[in-house]
Amino acid sequence: MLPSVERVTGIGGFFFRARDPDALKVWYRERLGVNTVPESYGERPWRQQEGDTAFAPFALDSEMIGPPEHTWMINFRVSDLEAMVDQLRAAGEEVAVDPERYPNGRFAELRDPEGNGIQLWQPMEPA
């Protein structure tokens with residue numbers, strides 16, 4: 001039996017480097033509705049809905065993450081994958097929708113302006 005350990009309760013932030021952080025902040029806000037860290041403590045940061053979170057390290061040569069210079073990919077839960085994909089495509093973004101319906105839901109993928117991988121996931125109960 002494993003010893004009892006104190007557990008984290010969720011992800012409190014996601015921090016990454018960007019060539020143009022200001023432009024990327026605008027892109028995430030306008031395309032996905034994600035507000036970045038507020039300018040003051042009086043403002044509220046982006047608040048996500050409670051739900052499952054996958055945490056999975058991948059091998060350095062994993063094709064899922066993208067080319068080797070990209071070391072991370074983020075997965076955002078969405079309530080309506082089709083509506084999100086339509087919104088992104090209307091804004092000129094290329095989005096690849098996986099046609100398969102998996103036991104845990106549906107997926108789509110895109111890249112932000114700096115080439116970082118974004119996976120959209122509409123959670124669903126097994127069919």
Side-chain angles (χ1 to χ4, degrees):
M1 180 181 286
L2 293 174
S4 177
V5 298
E6 191 67 27
R7 299 172 54 100
V8 299
T9 60
I11 295 174
F14 180 69
F15 308 96
F16 58 99
R17 298 178 197 275
R19 288 183 292 280
D20 189 346
D22 291 333
L24 215 49
K25 288 176 189 178
V26 171
W27 188 89
Y28 274 89
R29 184 179 63 242
E30 290 180 353
R31 299 295 195 267
L32 300 174
V34 176
N35 291 325
T36 56
V37 177
E39 299 291 322
S40 74
Y41 286 104
E43 299 174 58
R44 300 272 315 173
W46 173 60
R47 186 170 181 89
Q48 63 179 325
Q49 293 178 351
E50 182 178 326
D52 295 337
T53 300
F55 185 81
F58 282 82
L60 286 174
D61 60 353
S62 170
E63 291 183 15
M64 183 169 173
I65 305 299
E69 63 271 16
H70 295 283
T71 58
W72 62 269
M73 178 179 77
I74 190 163
N75 171 298
F76 288 113
R77 290 184 306 269
V78 298
S79 57
D80 185 335
L81 186 66
E82 292 300 324
M84 178 62 80
V85 168
D86 289 346
Q87 172 183 295
L88 288 163
R89 287 179 173 163
E93 302 300 332
E94 283 189 38
V95 184
V97 177
D98 188 329
E100 188 167 340
R101 197 248 194 237
Y102 296 90
N104 62 336
R106 298 186 55 227
F107 296 88
E109 292 185 2
L110 68 150
R111 299 248 167 221
D112 73 17
E114 295 200 3
N116 300 306
I118 299 170
Q119 187 177 65
L120 304 173
W121 170 39
Q122 180 179 341
M124 299 172 151
E125 294 297 319

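Nothing fancy with the numbering, it's 1 onward along the sequence.
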- Message: Side-chain heavy atoms under 4.5 Å apart, restricted to Ile/Leu/Val/Met/Phe/Trp/Tyr: what other residues fall into the cluster of Val26, or is it alone?
- Response: none
Near [X] [atom1], under 6.0 Å, is it more than 12 heavy atoms from other residues, nucleotides or ligands?
X: Glu69; atom1: CD; value: yes
X: Asp52; atom1: CG; value: no
X: Glu63; atom1: CD; value: no

- Where do Asp112 and Tyr28 come nearest, in terms of heavy atoms and distance? OD2-OH, 2.8 Å
- Provide the closest heavy-atom pair for Pro67 versus Arg111 in the form atom of the first, atom of the second, distance.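 Closest approach of Pro67 to Arg111: CD-NH2, 4.4 Å.
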4.5 Å side-chain heavy-atom contact, [X] and [Y]:
X: Asn116; Y: His70; value: yes
X: Asp20; Y: Glu114; value: yes
X: Val34; Y: Phe76; value: yes

- Message: If hydrophobic clusters are built by linking Ile, Leu, Val, Met, Phe, Trp and Tyr wherever their side-chain heavy atoms come under 4.5 Å apart, do Met124 and Val78 end up in the same one?
- Response: no
- Query: Are Phe107 and Leu110 connected in the hydrophobic side-chain network, where two residues link if heavy atoms are under 4.5 Å apart?
  - Reply: no
Using 0.5 Å steps for rounding, measure from the [atom1] atom of [X] to the [atom2] atom of [Y].
X: Gln122; Y: Glu82; atom1: CD; atom2: CD; answer: 8.0 Å
X: Leu120; Y: Met84; atom1: CG; atom2: CE; answer: 6.5 Å
X: Met73; Y: Met64; atom1: CE; atom2: CE; answer: 3.5 Å
X: Arg77; Y: Gln48; atom1: CZ; atom2: CD; answer: 5.0 Å
X: Glu93; Y: Gln87; atom1: CD; atom2: CD; answer: 10.5 Å
X: Gln119; Y: Glu109; atom1: CD; atom2: CD; answer: 5.0 Å

- Task: Identify which one of Asn75, Leu32, Leu88 satisfies the side chain to side chain contact (heavy atoms under 4.5 Å, CB included) criterion when paired with Ile118.
- Result: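 Answer after filtering Asn75, Leu32, Leu88: Leu32.
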- Evaluate the criterion side chain to side chain contact (heavy atoms under 4.5 Å, CB included) for residue pair Arg106 and Val97; output intermediate values, then yes/no. CA-CA 8 Å; Arg106 298 186 55 227; Val97 177; 3.7 Å; yes
- Arg89 side chain to Val95 backbone, donor-acceptor under 3.5 Å: yes
- Task: Spell out, as yes or no, whether a donor-acceptor pair under 3.5 Å connects the side chain of Glu43 to the backbone of Pro38.
- Result: no
- Message: For Trp72 together with Phe14, are the ring centres under 6.0 Å from each other?
- Response: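 Yes: the rings meet the under 6.0 Å criterion.
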- Query: Can you list the residues that meet the side chain to side chain contact (heavy atoms under 4.5 Å, CB included) rule with Pro113, with sequence neighbours excluded?
  - Reply: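 Counting only residues at least two positions away or on another chain, Pro113 forms a side chain to side chain contact (heavy atoms under 4.5 Å, CB included) with Leu24, Trp27.
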